[in-house]
Amino acid sequence: MNTLQPFDAYSRYYDLLYRDKDYAAEADSVTKLLQRFAPQGQTLLEFGCGTGKHAQLLSERGYAITGVERSATMLAKAPVSERIHYVEADIRHVQLTQRFDAVMSLFHVVSYMTSNADVQAVFARAAEHLNPNGLFVFDVWYAPAVLKQRPDTRVKRMQDAQIAVTRIAEPVMHPNENRVDVNYTVFVQDLSNAQFTRLNENHPMRYFSLPELDLFAANAGFSRLYAGDLLNDTAPSEDTWGVCCVFQKG
């Protein structure tokens with residue numbers, strides 16, 4: 001059995017592990033929010049685009065998208081077209097010359113920003129890359145739901161013709177820091193030779209309240225237009241683990 005460092009083989013199993021994620025429904029919901037709050041918007045900047053699933057779907061819905069991703073192996077799997085371009089960069093530090101109608105960041109990328117400085121940096125980079133009155137659309141772990149439901153140990157198994165993946169997620173709560181450390185043990189089996197590879201990853205995730213997000217946003221020149229469940233368009237509650245927010249640049 002081989003033991004690899006985090007992200008060395010991440011791109012190989014990432015799309016398989018999240019094959020059951022309803023990217024199309026999320027793209028539809030984001031499109032509705034954009035049409036509601038920025039009906040003339042055509043250009044999107046995506047923070048943390050991964051392997052480009054959301055980018056591809058939103059490009060099919062008429063948007064021109066630039067994806068920002070710091071993992072070269074993830075970007076290597078992302079689709080490229082006339083309407084999709086990518087930049088390998090850290091979203092806390094990225095500097096592009098183009099300005100966009102909206103910045104989006106899905107799959108709780110903002111929750112990976114566990115320090116105040118990191119959160120402030122992401123809001124600042126979003127503001128810098130937006131046209132006047134542009135939108136920042138993102139989702140995060142929602143504090144009331146996390147504190148009520150509490151994360152627990154989970155096992156996920158997925159398989160295709162080439163590999164079988166088993167992921168064990170063991171969370172550790174840090175309530176004084178608004179953070180959950182999700183410790184992953186991942187076993188990837190190559191079905192052609194039955195060889196196993198083991199990966200150990202730690203994913204620190206910050207959970208946010210709405211007043212907390214409002215303060216970060218205000219400091220970067222944003223005001224909140226919307227917060228709710230991305231797929232159901234319902235108000236945030238203790239049952240809403242992931243909350244989608246729309247902030248507008250002032």
Side-chain angles (χ1 to χ4, degrees), residues 18 21-23 25-27 29-30 32-34 37 44-50 53-54 67-70 90-92 94 102-127 129-130 134-152 154 169 171-182 184 202-249:
Y18 293 107
K21 182 175 176 63
D22 199 343
Y23 286 97
E26 292 183 0
S29 296
V30 169
K32 290 178 182 177
L33 289 173
L34 293 173
F37 294 112
L44 305 180
L45 177 64
E46 182 178 10
F47 283 174
C49 64
K53 295 292 188 181
H54 287 117
V68 179
E69 172 59 51
R70 69 178 183 179
D90 189 310
I91 64 173
R92 296 167 296 181
V94 63
V103 174
M104 70 174 187
S105 188
L106 302 179
F107 217 164
H108 308 133
V109 167
V110 174
S111 278
Y112 278 89
M113 305 297 113
T114 56
S115 73
N116 288 342
D118 286 345
V119 179
Q120 289 170 333
V122 170
F123 271 94
R125 298 297 84 73
H129 288 89
L130 282 171
L135 303 181
F136 186 20
V137 182
F138 62 91
D139 59 2
V140 292
W141 283 18
Y142 187 49
V146 174
L147 294 172
K148 176 188 177 183
Q149 299 178 33
R150 314 285 292 191
D152 56 5
R154 298 188 180 187
V172 178
M173 290 280 293
H174 299 277
N176 290 331
E177 300 174 27
N178 287 15
R179 193 183 85 237
V180 179
D181 289 344
V182 185
Y184 289 120
N202 175 260
H203 290 226
M205 303 293 291
R206 181 168 177 167
Y207 48 89
F208 294 88
S209 67
L210 291 182
E212 185 181 14
L213 289 172
D214 288 344
L215 182 59
F216 281 117
N219 288 338
F222 288 98
S223 57
R224 176 160 52 93
L225 301 179
Y226 173 88
D229 184 286
L230 179 60
L231 296 181
N232 300 322
D233 194 21
T234 54
S237 73
E238 292 178 327
D239 297 321
T240 314
W241 192 282
V243 165
C244 179
C245 296
V246 179
F247 285 89
Q248 186 173 49
K249 179 179 176 178

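All residue numbers in this chain count up from 1 along the given sequence.
Each of Phe138, Phe107, Tyr23 was checked for a ring-ring contact (aromatic ring centres under 6.0 Å, His included) with His54, and the lone residue meeting it is Tyr23. For the side chain to side chain contact (heavy atoms under 4.5 Å, CB included) with Met104, the lone residue among Val109, Val30, Leu34 that qualifies is Val30. Checking each of Asp22, Asn232, Leu231 against Ser29 for a side chain to side chain contact (heavy atoms under 4.5 Å, CB included) leaves exactly one that passes, namely Leu231. The one candidate from Leu33, Val140, Asp229 that meets the side chain to side chain contact (heavy atoms under 4.5 Å, CB included) condition with Cys244 is Leu33.
Arg92 meets the salt bridge (Lys or Arg N to Asp or Glu O under 4.0 Å) test with Asp90, Asp118; sequence neighbours excluded. Take His129 and apply the ring-ring contact (aromatic ring centres under 6.0 Å, His included) test, not counting sequence neighbours, and it matches no residue.
Few gaps surround NZ on Lys21; more than 12 heavy atoms of other groups in view lie less than 6.0 Å from it.
Ring geometry for Phe136 against Phe222 counts as tilted: the plane angle lies between 30° and 60°, on a 0 to 90° scale.
Taken to the nearest 0.5 Å, the CG atom of Leu225 stands 8.5 Å off from the CZ atom of Phe247. With rounding to the nearest 0.5 Å, the separation of CD in Glu69 from SG in Cys49 is 5.5 Å. With values rounded to the nearest 0.5 angstrom, His174 atom NE2 is found 9.5 Å from Tyr207 atom OH. One finds the CZ atom of Arg179 at 10.5 Å from the OG atom of Ser115 (value rounded to the nearest 0.5 Å). Between Asn219 atom CG and Asp214 atom CG the span is 11.0 Å, to the nearest 0.5 Å.
Closest heavy-atom contact between Val110 and Ser105: CG2-OG, 4.1 Å. Across all their heavy atoms, Ala220 and Ala127 have their closest contact at O-CB, 3.7 Å. Here the closest non-hydrogen pair linking Val182 and Trp141 is CG2-CH2, 4.0 Å. Nearest heavy atom pair, residue Phe208 against residue Met113, reads CZ-O, 4.1 Å. Between Ala145 and Thr240, the closest heavy-atom pair is CB-O, 3.3 Å. Considering every non-hydrogen atom in both Ala227 and Pro236, the closest pair reads O-CD, 3.4 Å.
Without hydrogens or angle criteria, Lys249 side chain to Gly134 main chain gives no donor-acceptor distance under 3.5 Å.
Lys53 forms no cation-pi arrangement with Tyr18, by the criterion of a distance under 6.0 Å to the ring centre and an angle within 45° of the ring axis.
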*asked:* Run Phe37 and Gln248 through side chain to side chain contact (heavy atoms under 4.5 Å, CB included) and show every step you take.
replied: CA-CA 9 Å; Phe37 294 112; Gln248 186 173 49; over 6 Å; no
*Give the C-alpha distance, both sets of side-chain angles, the deciding distance and a yes or no for ring-ring contact (aromatic ring centres under 6.0 Å, His included) between Tyr112 and Phe47.*
CA-CA 12 Å; Tyr112 278 89; Phe47 283 174; over 10 Å; no
*Between Glu26 and Asp139, does a side chain to side chain contact (heavy atoms under 4.5 Å, CB included) hold up when you go through it step by step?*
CA-CA 11 Å; Glu26 292 183 0; Asp139 59 2; 5.7 Å; no
*Verdict with supporting geometry, Val137 and Tyr226, side chain to side chain contact (heavy atoms under 4.5 Å, CB included)*: CA-CA 9 Å; Val137 182; Tyr226 173 88; over 6 Å; no
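With a 4.5 Å cut-off on side-chain heavy atoms, Phe216 and Asn116 count as touching. With a 4.5 Å cut-off on side-chain heavy atoms, Met173 and Val146 count as touching. Val119 has its side chain within reach of Arg206: a pair of non-hydrogen atoms, C-beta onward, lies under 4.5 Å apart. Looking at Asn178 and Glu212, their side chains come closer than 4.5 Å, going by heavy atoms from C-beta outward.
Looking at Asp152 and Arg154, a side-chain N of the basic residue comes within less than 4.0 Å of a carboxylate O on the acidic one, giving a salt bridge.
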